[in-house]
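Lettering follows sequence order; numbering is per chain, from 1. Values reported hereafter were calculated over all heavy atoms of this structure, with side chains retained and with hydrogens, waters and symmetry mates removed. From a predicted model like this one, the values you see are computed outputs, not experimental measurements.
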2 protein chains.
Amino acid sequence: MKHYKGYLIDLDGTMYRGEEKIEAASRFVQKLIEKELPYLFVTNNSSRTPKQVADKLVSMGIPTTEGHVFTTSMATAQYIDETHGKANTFMIGENGLEEALINQGLKVTDKDVDVVVMGIDRNITYEKLSIACLAIRNGARFLSTNGDVAIPTERGLLPGNGSLTSVVRVSTGVEPTFIGKPESIIVDQALEVLGVPLDDTVMVGDNYQTDIMAGINANMDTLLVHTGVTSKEQLAIEKKKPTWSIDSLDDWTVL
Amino acid sequence: MKHYKGYLIDLDGTMYRGEEKIEAASRFVQKLIEKELPYLFVTNNSSRTPKQVADKLVSMGIPTTEGHVFTTSMATAQYIDETHGKANTFMIGENGLEEALINQGLKVTDKDVDVVVMGIDRNITYEKLSIACLAIRNGARFLSTNGDVAIPTERGLLPGNGSLTSVVRVSTGVEPTFIGKPESIIVDQALEVLGVPLDDTVMVGDNYQTDIMAGINANMDTLLVHTGVTSKEQLAIEKKKPTWSIDSLDDWTVL
C-alpha cells in the first residue's frame, strides 16, 4: 500500500455491475471521505450527464456529488476548447455530450464545422453520418469520445461508440482522435480537475484494457480490482502489470 | 479486339455519369443488340430494383429490360439460397435488397436469424445495427452486398455500404463476406444468369478497383473505359492490367 493524495475511479465493474451493487465500493468511498482524500469518477460513458451519473451512484449508496463525476464528454469538450478554442462543433451523440459541449461554451452546429465529435448515439441517422463525413472531408478535425466497440446490456453486447465511429473513419479514411480511456487525454484532463499531482494519484478500475492502460499511458500508478471485466488469469498474460491488483476494494487500505 | 459471346457491363461511369448521359454508351449497347450478343448490367447498387435501374437506362437512351439488370442484391439473395437454402435472413437495406431476398423465397425476419445481410440503408437505425450484432454473436452468417466506402452525390461523398458494414464488423469482430465487385461472387452469379462461358465473356467498366478487379478475380477478360473513375495515369501504376483499355466505348469494335 502507498499513501495516495488523490483517486481516479472507474464506475461499471468497479463501483457497480450494471444495476447490481458492489458492496465494498460504498465502504471504499466512505474511507476516502473520512481521510478527506479527493476523488473523481472517470467514465467513458458519453451519454449521461454528471447529474445522471451522480444520481445512480447515490442510489447505490455511494456518496457522490456532480462535482465528483468526470465523463469523457466533459474531457472532449475541454480538449476542444484547449486545442481549437470556441470551435463550431458538429456532434453525433446524446444528452451528456450535448450538455458538456454547451457548458464549455462551444457552438453546436452543422454549419461551418471546425470539429466533428462522435459519441454513442442511439438515435443515429444516415443524415448525421453524412454531415460528419462531409465536414471531415472538408477539413474539420475528427474526435471521438471513446473507442469502446461494444456495450454490455441485458440483451447482450450492442454496438459501442468505437464501432459507430468506424463508419466515418472508414468512409473518409481519416483516423479520429479518441479522448476516453485507454487514451491518456481523459486522464490528463481529469487530473487537472482533481487538482492532485500525477505522482500522488492512483487510477482504480476493473478493466485492464481501458482503465489500467489509461493509467499506464498517462504514467501514473494503477490499482486493478477483480470485480468486473479482467480476471486474474487474463491479467497474468499481460506484460505491463498494474501497480497493484486486488480481489475486492475491501482489500485496499486507504492510508 | 476479340470476339466475345457475352458482355458484363458496369453502370455508373460506364453507361452514364450520375444524371449525365454518356453518348457512346447507347451506341455500344445498340451494336450488341444488332450482333445479338447477350449482355447484363452488373451493379454494386443494392438499393434499387432491376425495374428502377432499367427505367433509368431507358431514360438515358440505352435499350434495356429488367432482365438485363443484375444487382448485387440479386447476387446476394442467390448466394444465400445456394449456401444456406431458404434461410431466415435479417436485412439492413433498402427496396432493392428486400425485393431480391423475397423474390428468392427467403424469409426476411429478425427472429431465429441464420444470415445477416447489410446493404446501403439510408434509414439505418441503432436498433437495426443492434439486431445484426446480436444475431452474428449468436452464430448467424454475416454477408454484405458490397464494400464501397463512399457514394458520390451532388452534396459530396456520403457513407457507402462498406462503411456502414464496419459498425457490425468492428463491434462483433466478425469479418463479413462481401458479394459485390471486386469480389468474384457477383461475377460468378452474373455469368450463370448470362448463360455464356467465362472464357467467352468480357467485363466492361470504368473503375479499376471494383469492375476490373472483379473480372481479374474471376479470371475473365476485362475492358476498362476511361469515362469514369480510373484515369490513364492511375491505370499506369497498376501491376495487373485489364485485357483492354480504351478512351470511349466508340473505340471498341463489337465483333
Heavy-atom nearest pair, B/Leu134 first then A/Gly156, reads CD2-CA, 3.8 Å
Excluding sequence neighbours, so at least two apart, what forms side chain to side chain contact (heavy atoms under 4.5 Å, CB included) with A/Ala132? A/Phe90, A/Ile92, A/Val116, A/Val168
Taking B/Leu164, B/Leu158, B/Ile131 one by one, which has the highest count of heavy-atom pairs under 4.5 Å against chain A? B/Leu158
Can you pull out all donor-acceptor pairs below 3.5 Å that join chain B and chain A?
residue  : atom : partner  : partner atom : Å
B/Tyr126 : OH   : A/Pro159 : O            : 2.6
B/Glu127 : OE1  : A/Arg155 : NH1          : 3.1
B/Glu127 : OE2  : A/Arg155 : NH2          : 3.0
B/Val149 : O    : A/Ser171 : OG           : 2.7
B/Arg155 : NH1  : A/Glu127 : OE1          : 3.1
B/Arg155 : NH2  : A/Glu127 : OE2          : 3.0
B/Pro159 : O    : A/Tyr126 : OH           : 2.6
B/Ser166 : O    : A/Ser166 : OG           : 3.4
B/Ser166 : OG   : A/Ser166 : O            : 3.4
B/Ser166 : OG   : A/Ser166 : OG           : 2.7
B/Ser171 : OG   : A/Val149 : O            : 2.7

